[in-house]
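Atoms considered below: every heavy atom in the structure, side chains included; atoms not considered: hydrogens, waters and symmetry mates.
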Amino acid sequence: MSYAAYKMMHWPTGIDYCAAGFITHSPAEAAAFSSLPPTISGPEVDVDSSAARAPQRVGPTPNLVVVAANVLEVYAVRTDAVMGAQDGGTSSLAAVLDGISGARLELVCYYRLHGNIESMAVLSDGTENTRDSIALAFKDAKVACLEFDDSINGLRTSSMHCFEGPDWLHLKRGRESFAFGPVIKADPQGRCGAALFYGLQMIILKAAQSFVGEDEPTRMLSSAAVRIDSSYVIDLRHLEMNHIKDFTFVHGYIEPVLVILHEQEPTWAGRISSKNQTCMISAFSISMSLKQHPMIWSSAKLPHDAYQLLAVPPPISGILVICANSIHYHSQSTSCSLALNSFSSQPDGSPETLKTSFHVELDAAKATWLSHDIVMFSSKNGEILLLTVVYDGRSVQRLDLMKSKASILSSGATTLGSSFFFLGSHLADSLLVQFSFGVPTSVLPDLADESADIEGDPPFAKRLKRIPSDVLQDVNSVEELSFHSNSVPNSLDSAQKISFVVRDALINVGPLKDFAYGLRTNSDPNAAGIAKQSNYELVCCSGHGKNGTLSALQQSIRPDLITEVELPSCTGIWTVYYKSSRGIITEDNEYHAYLIISLESRTMVLQTGDDLGEVTETVDYNVQASTIAAGNLFGRRRVIQVYAKGARVLDGSFMTQELNFTMHGSESSLTSEPLAAASASIADPYVLLKMVDGTVRLLVGDHSNCTISVNAPTVFASSSERISSCTLHHDRGPEPWLRKARTDAWLSTGIGEATDGNDGFSHDQSDIYCIICFESGKLEIFEVPSFKCVFSVEDFVSGSAILSDDLSHTKDAVIGVPDATTVSVKKEETNNIKIVELAMHRWSGQFSRPFLFGLLNDGTLLCYHAYCYDGSESNAQCAPSSPNGSSDIDNASDSRLRSLRFHRVSIDVSARDDISSFTRPRITIFNNVGGYEGLFLGGPRPTWVFVCRQRFRVHPQLCDGPIVAFTVLHNVNCCHGLIYVTSQGFLKICQLPSAYNYDNYWPVQKVPLHGTPHQVTYYAEQSLYSLIVSVPVVRPLTQVLSSMADQELGLHIESDFTVGDDLQKVYTVDEFEVRIMELEKPSGRWETRFTIPMQPFENALTVRIVTLQNTTTKENETLMAIGTAYVQGEDVAARGRVLLFSFSKTENSQNLFQVTEVYSKESKGAVSAVASLQGHLLIASGPKITLNKWTGSELTAVAFYDAPLHVVSLNIVKNFILFGDIHKSIYFLSWKEQGSQLSLLAKDFGSLESFATEFLIDGSTLSLVVSDSDKNLQIFYYAPKMVESWKGQKLLSRAEFHVGAHVSKLLRIQMLPTQGLVSEKTNRFALVFGTLDGGIGCIAPVDELTFRRLQSLQRKLVDAVPHVCGLNPRSFRHFKSNGKAHRPGPDNIIDFELLSHYEMLSLGEQLDIAQQIGTTRSQILSNFSDFLLSTSFL
C-alpha cells in the first residue's frame, strides 16, 4: 500500500464551546414574533389566563451556537406554549414552567470547517434591531467573522483577519509552540472585539459604526449585522505583563474597558506557603481612534489560582475573579471576597473574608449569568452552584454561594434569553434547561417526584421514555430546588426559588477511549457479503466519571423482524386506512385497514386486523392488474386504487366508482385508444397521473359525493416538452407554509378556511401544488386545480446551490458565450441526466419548512430545503395591481411564489446506479415509524433518512440487499412498524429497534455505567464484553495517606495528624474493577454478569482476551488477561500485576458462566499492555517487554526486549510486533521461534508521543500506523533495501496527515470487495479509528490509479470551492509538529472531507472540473461509491 484515503464516518459530537446570540433574527424581530399570541386577549387579562401572557415573560430567545472540534452548528430554540388552561391533562405529561410545556433545539445551519475552532465569541451591539455575528479564532492567529445571510439562508463570512506568515513573524518573538491557542472575547456593547494571540499579543478588532440616516427604511436596518472593519495590535510586553490568564470587557463605561488577569511573577507548588498572592488585574480603557490604552485602575495580591474573569452585568458592573478556592469581586470603588474552602489564603492585614457554609472547589468551573445578579457555576464534579451578588445601589456588600443541583460535567454554559440555559459537554449529553424564578408551587405538580438532579433525561424522541439518570449520590445537602438568599436589598422575595427542568439533550458519544467490534442482538448468522456487516456494532467506552457510558454504535440499521413471508415478483406495497364513519380515534393513532400488494400481473389485498388475512377474492379492487398506486381520499373515508388502464374508488371493500383512462378526456371516448398510466401521486382530494407518453392527467375529487373526475390540464397540451417526473405537494396546517412566500400573501390568507369543515379540524387549511420536472431539466410548480404556474426554475437537474423563481427575479448576470467544443461535450453528459422521481414534503412542527427531493437517473439524490427571502423590493413596487393585468406575464408574476427559495442540503446517499425512466418509485415518506419521521429510499442501497430537528440523519440499511417496495404499517401487533419487500422476494414485517436513538450521525444506544470506562474487549465465543471501569469513591484522608505510604513511614504520619479537624478531611480516589457485561439476546438490555474488583490503589490498565497454548496439555486456552499498576505516589517504586482468568460454563443453568482466576503474579513495573503471540503471552511491564509461555498454572519467560520508557500499545500480525512508546514513537520487532528471541527490525528515530498504533495491510504490503499527541497520523513502512533506511534500521514515512483530533484507538477491519473494482488484492484491511471528540473515521488503502485521479481532483477543489471562514484545507491537513523538528513526509493520503464538496457542486461545475483533470464525472462518482461500499462497516 503506497496510498491511503481518510474519511470521517461519524463527526465529532463532544461540544467544546457554546454561545448565545441573535444570529438569524434581531431581538426586535424575535420580540415581535413571540408577543403575537397574547394580543388576542384584551388589556384587562384576568389571573387565570396567565398562560396567555407567558410568551412575553419568556421574552425573545437568541440562537444557540455550538462548536464540536471543527463542526459549527447554529440552533434555534422552539418552545411549545400551553394553549390556555383548558384541562389539567397537559401538566401530567411534562412539567409546565412559565406557560411553556416543552422546548427543543432545531437546527438552522451547520458547517464542517477545514480547521479546528479554538475560541468563539458573539459580537453583539445590544440594540434591538441589529443582528449578532459569530467571531471564530483558529490556530495560529486567524479570526473569521460570520453573519447570517437571509438570501442564502446560511452563514456568510463577513471579514477575515490573519496575523500569520512572514509579515507577522515578529509577533511570535522567536517562539514556535504556545501553551494555548488564540482566545477571542467581545465587548458587550459591540464596539470592538479582542483576540489574544501568541501568548502576549492583543489584537483589537474595531467594529464598523453604523450611521443610520433618518430617511432610511427600517427594513434595511433590521437585517444588518455587526461587522469588523479594522484592527490593530497591542504588544502586552510593553505594559509589563508576562503571563496572561484571562481577559474580558466590563460593563458601565463610555469607552470599551478591557480587564486583564495576569500573573506578575509565577510561583510553583513547593513555594505556595510563602508566595501565593501572585496574580493581579489591570483595567485598560481602549481608545480605538487614538489607538491608546491608558490603565484606569488595577488591583494586586490576588491568589495564584485565579483563572477566570466574569464581567458583572449592569446595573452593578465590575468584575468577578474566579479562583480555585475563592471568589473576589472588584470594581473601581469597592471590592469583597468569599472563601470557598479552607485552602483559600488572604493577604496579611486584609479584612476577614466571608466563608461558605460548605466546602467546594471551583477550579475548571464554567459560569453563565442567569440574571443581572445571579451567576450559575457548573463545577468540575457536575454540581450546579448559584452565586448571588448582594448589592445596595451600586456598591456590592457581599457574595452568597449555595448549592443547587447535580448535573453533567460541562465544558461550557450559556444563557439563552431570560428562561433557558444550555450546558455544553465534552463528556456527556449536552442539555437545554429551562429555569424560572419564583414559580408558584401550583404550576409544578410533578417536579417534586422528578429526580432531584438535572440529568440527561429529557423526553426521548417522541416517546417520553426516560433514560436512567446518572444521579449523584453525594449531593445530599440540597433536597429542594430552592435557593435562599437572606438579603432584602436584592429582591423583594427573600427566599427566591429557582426551578429547573430539562427540555432537550444533544447526544454526545465522546470521548471514545476504546472500542470493541462485536455482534448485535438481532444478528443473522447466515448473512454474507456486505449484509454481514450489519451483524456487528461498535461498543465504545465513552464519557467520564458519573457520566461514563457504554455506547453501542452502528452505522446501518437492522430492523427487528416480526414475521416474513416469501413473495416473489412484487412491484409495490401500500397500506391504507378505512373509516366507515368518523371514529373517535385520533388521526395519529389510527390502525391501517388494508395492505395492498402489487405483483407483476395481479394485485393481492390483505386485511391488517389482528393478523394478516388475504381478502383478495371478496373485495372490489381490480385484482387482475398490477397496481400503480393506492391511497386514501376524502379524509380517509375512501380508498383509491390506480392501475395502468384506470382507477377505482372504494368504500371499504365495495367499489363506488371506476374510471378508464383514454387519450383526450371525454371528447371522443369511443374512438380514442386507451392510454396507460405510468406513475401516480395522491394528495387528498387530487390524484396526479403521469401517462406513458409523458403527459399528465389530474383526477379531481368531489368532497360532497366522494367521486372523482378526470381533468387533462390544458397548460401542457400546447407544449411539446415531455415530462420526466411529477408529484403533488399537500401544504396543510394551521397556516400553509407556501402562502408566506407570495407577494400577495395578505390577500390570500382567508381562503380555504373551511375546507374540511365537517371533519372536525376546521382550523387546518390546505393548498395543493403540483411539481413537474420536464426532460430538459426545467422544474415548475403549479397551483392545483387551476394549473397556474407559481414557480419555475430553468435548470433544476444541475443541482445548483440556491433555487429561486426565474420570472420574479430578473437575472442581472450576463452569461458569457463558451466555446462550442466544450458545450457539445457537456451537452452529451447533461442530456442523459434526467430527474426520474420528485417528492416534496413538510414534516410536522410549527416552524418546519418543506423539503424538495429529486432523484436523478444516475442515482444522485438532490435535496433542497425551502425558505422565504423577499429580495425583490425594487420590482415588487412596480408590479401592476390591476386585477385584469395588461399582459399575461405581469398578471402571472403577481400571484407567484416570488419570495420562495430553496437551498441545497448535503445528504450522503450512496446509491450509484443507473435508473431507467419507468421504474418503481423509490422515495417513500413516513410520518411515524417508531416515533420518527422522514423518508425511506429504496433501490439497490436502501437508506433511511430521518428528519430530526429539521436536519437529516442518514442511516443505510444493508442487511437485506436491494429493497423493491416499502410502506409503513400500524396495527395491533406491529405498532408504528414497517413492511418491505426484498429483491429476493421476501416480504418482511419489522419494527425499528427501540433501544437506539437515531438522532445522531449513527444510531446509538447509551448504557450508563456511573463510572469511567477505560478499555473494552470482546469475547466472541460467549459474546461477552469485559471492560475496565473506575468509580470515584470518597475516603477519609487519614486512610488514604496511611495506605499510600510504606509501612515504616506510617508511624510518623499518624503522629502528625492528631491536630484539629484535619482528621475529618476526605479525599476522592478512583476504585477500579473489571466488569463482564452481556447484551441479552431478545430484550437488548445490557446486564453485568460478573465483577472483578481490584485491590486498593490498584489501577487496571489493560484487559484483553488472549489465546495461549498450554504447554502441558498442548491445547489452546482462551483466557482473559488483565494488566494493572499500583498508584502510590512518587516515593514508592512502581509495581503491577498480571492476572489471568478463565471462563467456564456452569453445569446446571443454561447461560450462566463462572469466571475464575487461574494466575496472578506481581511484576516490577506497571503492566500497560498484553497480547498473545502464537500461543505465547506478550507482557509489557514498565520499560520491559517479556514473552511468556503458559504451562497451565505458571507463566515462564522465554524472551525479552527492553523498551525505552513506557509501552502504550501492542499490535501483532503473524510473528511481527509493533509497539508504541509514550515518548519515543514506534518500534517494529520480530519473534524467532528457533533462537527464541525478540529482535528489533526497525524503529522511527524521531520523538513522538504515540497514542495508538496498528498495522495497515494491503494485499502483501504491511504498513505501520501511529497517531500522536499533536493530533497527527503517520504511516511508516519497513524497507531494508532502501538506502535511506540506514540498512533497515529506520522506518520510512509513507504518508502523514493531520486529523485534527486525538486518535485514541485504531481497529483493523477487512474491507469489503466491490464489484466495480476488480482487484487482485482480496486481503485488504482498513483501520477504523475513534477520537476523543467523539468522531469515528477510517483510513483505508486505495490503488494507485484511483489515488492519482482523486488527488488531482482534491487539488482542484482547494480553489474551486468557497470554503467557510476562508480556511485552507491543505494547510489544515499538513503535519503539525508543534515546534519540534520534523522532516516533511510524502503527501500520500486523499481527504474525503474535502472531496465530499464535489457532489455538492452544480452539474456544470462537476463536468468542468472532471474535464480539467482529464476524467469524467461518472468515473469520479463511481470511485466515491466504490470506496463507500468497501468501507461500509458496521
- The reported gap from OG in Ser1181 to CG in Leu1101 (rounded to nearest 0.5 angstrom) is 11.5 Å
- Message: Is it the case that the ring center of Tyr536 lies less than 6.0 angstrom away from the ring center of Tyr517?
- Response: yes
- Item | Lys1232 side chain to Ser1239 side chain, donor-acceptor N/O pair below 3.5 angstrom | yes
- Query: Can you tell me how far OG of Ser1160 sits from CG of Leu1139, rounded to the nearest 0.5 angstrom?
  - Reply: 5.0 Å
- Task: For His10 and Gly1334, indicate whether the former's side chain and the latter's backbone hold a donor-acceptor pair under 3.5 Å.
- Result: yes
- Would you please say whether a donor-acceptor pair under 3.5 Å links the side chains of Glu1021 and Tyr1019? yes
- Distance-only donor-acceptor check, side chains Thr1112 and Asn1110, under 3.5 Å: yes
- Are the side chains of Val1358 and Arg1355 in touch, meaning some heavy atoms are under 4.5 Å apart? no
- Examine distances only and state if a side-chain atom of Thr1012 and a backbone atom of Gly545 form a donor-acceptor pair shorter than 3.5 Å. yes
- Could you please spell out the steps behind the salt bridge (Lys or Arg N to Asp or Glu O under 4.0 Å) verdict for Lys7 and Asp1391? CA-CA 6 Å; Lys7 181 180 172 67; Asp1391 176 18; over 6 Å; no
- Heavy-atom donor-acceptor pair, Asp16 side chain to Ala69 backbone, under 3.5 Å: yes
- Message: Going by side chain to side chain contact (heavy atoms under 4.5 Å, CB included), His114 matches just one of Leu1394, Asn70, Asn1368. Which one?
- Response: Leu1394
- Message: Regarding Asn1211 and Thr1253, do their side chains bring together a donor and an acceptor under 3.5 Å, going by distance alone?
- Response: yes
- Message: Walk me through whether Asp1270 and Lys1376 qualify under salt bridge (Lys or Arg N to Asp or Glu O under 4.0 Å).
- Response: CA-CA 7 Å; Asp1270 290 323; Lys1376 307 275 190 294; over 6 Å; no
- Message: Go through it in stages, so that I can follow the logic: the residues are Leu1240 and Tyr1227, the test is side chain to side chain contact (heavy atoms under 4.5 Å, CB included), and I'd like the CA-CA distance, side-chain angles, deciding distance and then a yes or no.
- Response: CA-CA 7 Å; Leu1240 175 69; Tyr1227 282 66; 3.7 Å; yes
- Message: When you compare the side chains of Arg1349 and Asn1423, does any donor N or O come within less than 3.5 Å of an acceptor on the partner?
- Response: yes
- Query: So, do Asn1323 and Ile1257 sit near enough that their side-chain heavy atoms are less than 4.5 Å apart?
  - Reply: yes
- Item | Min side-chain heavy-atom separation Val1328-Lys1305 under 4.5 Å | no
- Message: Could you tell me if the side chain of Leu1307 sits less than 4.5 Å from the side chain of Leu538, heavy atoms only?
- Response: yes
- Item | Residue list, ring-ring contact (aromatic ring centres under 6.0 Å, His included) with Phe1200, at least two apart or on another chain | none
- Query: So do Leu1238 and Ile1217 actually touch side chain to side chain, heavy atoms under 4.5 Å?
  - Reply: yes
- Message: Does either side chain, that of Ser542 or that of Thr549, offer a donor lying less than 3.5 Å from an acceptor on the other one?
- Response: yes
- Classify the side-chain pair Thr1017/Ser1026 by whether it contains a donor and acceptor separated by less than 3.5 Å. no
- Calculate, to the nearest 0.5 Å, the distance between atoms CD and CD belonging to Gln1109 and Gln1174 respectively. 10.5 Å
- With distance as the sole test, does Gln1351 use its side chain to make a donor-acceptor pair with the main-chain N or O of Asp1387 at under 3.5 Å? yes
- Query: Looking at Arg1370 and His1374, what are the two nearest heavy atoms and their distance?
  - Reply: O-CD2, 3.1 Å
- Query: To the nearest 0.5 Å, what is the distance between CZ (Phe1219) and NZ (Lys1224)?
  - Reply: 12.5 Å
- Mind checking whether Phe1216 and Trp1231 have ring centres under 6.0 Å apart? no
- Arg175: side chain to side chain donor-acceptor pair (under 3.5 Å) partners, not counting sequence neighbours: none
- Nearest heavy atoms of Gly1330 and Phe515, plus distance in Å: N-CE2, 3.4 Å
- Message: Quick check on side chain to side chain contact (heavy atoms under 4.5 Å, CB included): which of Glu537, Met9, Gln554 does Trp1002 satisfy it with?
- Response: Met9
- Between Phe1297 and Phe1375, ring centroids under 6.0 Å: no
- Please test Glu1073 against Thr1091 for side-chain hydrogen bond (donor to acceptor under 3.5 Å, both in side chains), starting from the C-alpha separation and ending with a verdict. CA-CA 7 Å; Glu1073 60 190 35; Thr1091 305; 4.9 Å; no
- Task: Considering non-hydrogen atoms only, spot the tightest contact between Val1170 and Ala1121 and give its length.
- Result: CG2-CB, 4.0 Å
- Assess whether salt bridge (Lys or Arg N to Asp or Glu O under 4.0 Å) is satisfied between Glu1162 and Arg1137, documenting all intermediate values. CA-CA 4 Å; Glu1162 207 165 273; Arg1137 283 199 303 165; 5.9 Å; no
- Message: Ring-plane angle category for Tyr1278 and Phe1228, please: parallel below 30°, perpendicular beyond 60°, tilted otherwise.
- Response: perpendicular
- Task: Return yes if some donor-acceptor pair links the side-chain N/O of Glu1098 with the main-chain N/O of Gln1095 below 3.5 Å, else return no.
- Result: yes
- Query: Do Ile1122 and Phe1141 come close enough that some side-chain heavy atom pair is under 4.5 Å?
  - Reply: yes
- Okay, side chain of Ser1352, backbone of Arg1348: is any donor-acceptor separation there less than 3.5 Å? yes
- Query: Should Phe1325 and Met1311 count as side-chain neighbours, where that means a heavy-atom distance under 4.5 Å?
  - Reply: no
- Note on the structure: For Arg1324 and Asp1343, the nearest pair of non-hydrogen atoms, with its separation, is NH2-N, 3.6 Å
- Any luck finding a side-chain donor-acceptor pair between Thr1107 and Glu1117 under 3.5 Å? no
- Taking Ser1267 for the side chain and Ala1252 for the main chain, is one N or O donor matched with an acceptor at less than 3.5 Å? yes
- Message: I'd like to know if the side chain of Ser1304 reaches the main chain of Leu512, judged simply by a donor and an acceptor atom lying under 3.5 Å from each other, with no hydrogens or angles considered.
- Response: yes
- Item | Intermediate values then yes/no, ring pair (Phe, Tyr, Trp, His ring centres under 6.0 Å), Tyr1025 and Tyr1018 | CA-CA 5 Å; Tyr1025 293 90; Tyr1018 179 62; 4.8 Å; yes
- Message: Just checking His544: does its NE2 atom have more than 12 heavy atoms from other residues, nucleotides or ligands closer to it than 6.0 angstrom?
- Response: no
- Message: Under 3.5 Å, is there a donor on one side chain and an acceptor on the other for His1014 and Ser1030?
- Response: yes
- Nearest-0.5 Å distance that lies between atom CG in Leu1027 and atom CG in Leu1009: 6.0 Å
- Item | Lys/Arg cation over aromatic Tyr1159: Lys1161, 6.0 Å, 45° cone | no
- Item | With Met1077, the side chain to side chain contact (heavy atoms under 4.5 Å, CB included) member among Leu1024, Val539, Leu550, Val1016 | Leu550
- Task: Quick one: pull up NE2 in His426 and OG1 in Thr13 and give me the separation to the nearest 0.5 Å.
- Result: 8.0 Å
- Query: Within the distance-only criterion (no hydrogens, no angle test), does the side chain of Thr1431 pair as donor or acceptor with the backbone N or O of Phe1427 below 3.5 angstrom?
  - Reply: yes
- Query: Leu1241 versus Leu1229: any side-chain heavy-atom pair under 4.5 Å?
  - Reply: no
- For the side chain of Lys513 and the backbone of Cys540, is there at least one donor-acceptor N/O pair under 3.5 Å apart? no
